[in-house]
Amino acid sequence: MTPKIHAFFDEATNTITYVVQEPAGRACAIVDSVLDFDYASGHTDTRSADAVVDFIQKEGLEVAWILETHVHADHLSAAPYLQERLGGKIGIGEKITVVQDTFGKIFNEGTRFQRDGSQFDQLFKEGDSFHIGQLRGDVLHTPGHTPACLTYVIGDAAFVGDTLFMPDFGTARCDFPGGSAETMWDSIQKILALPDDTRIFVCHDYKAEGRDQYAWETTVGAQKRLNKHIGAGKSREDFIRMRTERDAQLAMPKLIIPSLQVNMRAGQMPEPEDNGISYLKVPVNGL
Ligand SMILES: [Fe+2]
């Protein structure tokens with residue numbers, strides 16, 4: 001089955017949100033949504049999410065799932081806002097518990113912060129399947145960028161999150177707590193084992209050198225032939241060396257500190273304090 005896919009690009013965080021619709025019917029899923037956040041003022045905005053809401057309402061779609069490929073470190077998820085407006089169940093990988101444990105410690109969260117993934121409606125593991133109307137989705141566990149990363153294979157389309165980027169950009173970093181270049185290589189092989197004509201949709205694009213348009217759709221075959229980090233005969237050792245050296249040079253994403261605290265709670269803000277305001281912490285020299 002070939003789902004209809006509509007992409008929304010967020011310039012501020014280079015994130016692509018997808019609406020994935022069954023070919024003959026009204027059921028859909030939303031993959032990797034964005035809540036706009038201005039760190040300087042501490043203000044959120046639903047402009048990006050409202051574009052998705054408007055599209056879904058205009059098309060008369062019914063949301064079955066609001067899916068996260070992983071706990072993003074560069075943007076806040078709009079999952080709770082979208083669920084309130086449109087319904088649907090919020091899903092993520094079951095290894096979210098590992099991510100919650102790691103960042104629960106780093107942010108010194110109290111005992112009220114549950115580390116069992118219960119903030120989400122569904123925790124997926126390798127081999128699970130789900131339905132968007134008539135359309136079937138299959139779950140691959142593809143850790144490396146983070147321990148909880150999933151690839152959702154929906155019909156002939158794979159939503160790979162940050163495991164692979166466009167072939168001319170390569171792959172995502174593996175140096176966040178719980179990340180591993182070795183594990184990432186093995187996860188990528190799982191994705192490359194899908195049929196060559198499987199469409200791949202990436203979660204971010206930054207325009208590669210020499211390309212002036214953003215792009216987010218490619219195929220398994222193109223990744224095998226052309227991906228600058230893992231394609232065309234690159235070895236596991238080459239990849240691990242390249243990834244480790246490159247990651248050591250990268251600055252932290254601008255929104256990593258708020259993103260982790262919000263996204264590990266399925267997109268909810270920390271519980272408000274007694275004045276009714278939610279606060280996000282900055283761990284000084286702690287990350
Ligand atoms: Fe990410």
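Atoms within each ligand, like the ligands themselves, are counted from 1 in listed order.
- Results of the ring pair (Phe, Tyr, Trp, His ring centres under 6.0 Å) test with Phe159 over Trp65, Tyr152, Phe201 single out Phe201 as the only residue that passes.
- Using a cut-off of 2.8 Å, one finds that Cys149 contributes no N/O/S atom close to the Fe ion (ligand 1).
- Because its NZ or CZ atom is both nearer than 6.0 Å to the ring centre of Tyr214 and within 45° of the ring axis, Lys207 counts as a cation-pi partner of that residue.
- A side chain to side chain contact (heavy atoms under 4.5 Å, CB included) with Leu82 is found for exactly one of Val53, Ile90, Leu35, Thr46, namely Val53.
- Between the Fe ion (ligand 1) and the N, O or S atoms of Asp162, the shortest distance is to OD2.
- Geometry at the Fe ion (ligand 1): NE2/His145 and NE2/His70 form an angle of 100°, nearest 10 degrees.
- In summary, the aromatic rings of His6 and Phe55 are positioned with their centroids under 6.0 Å apart.
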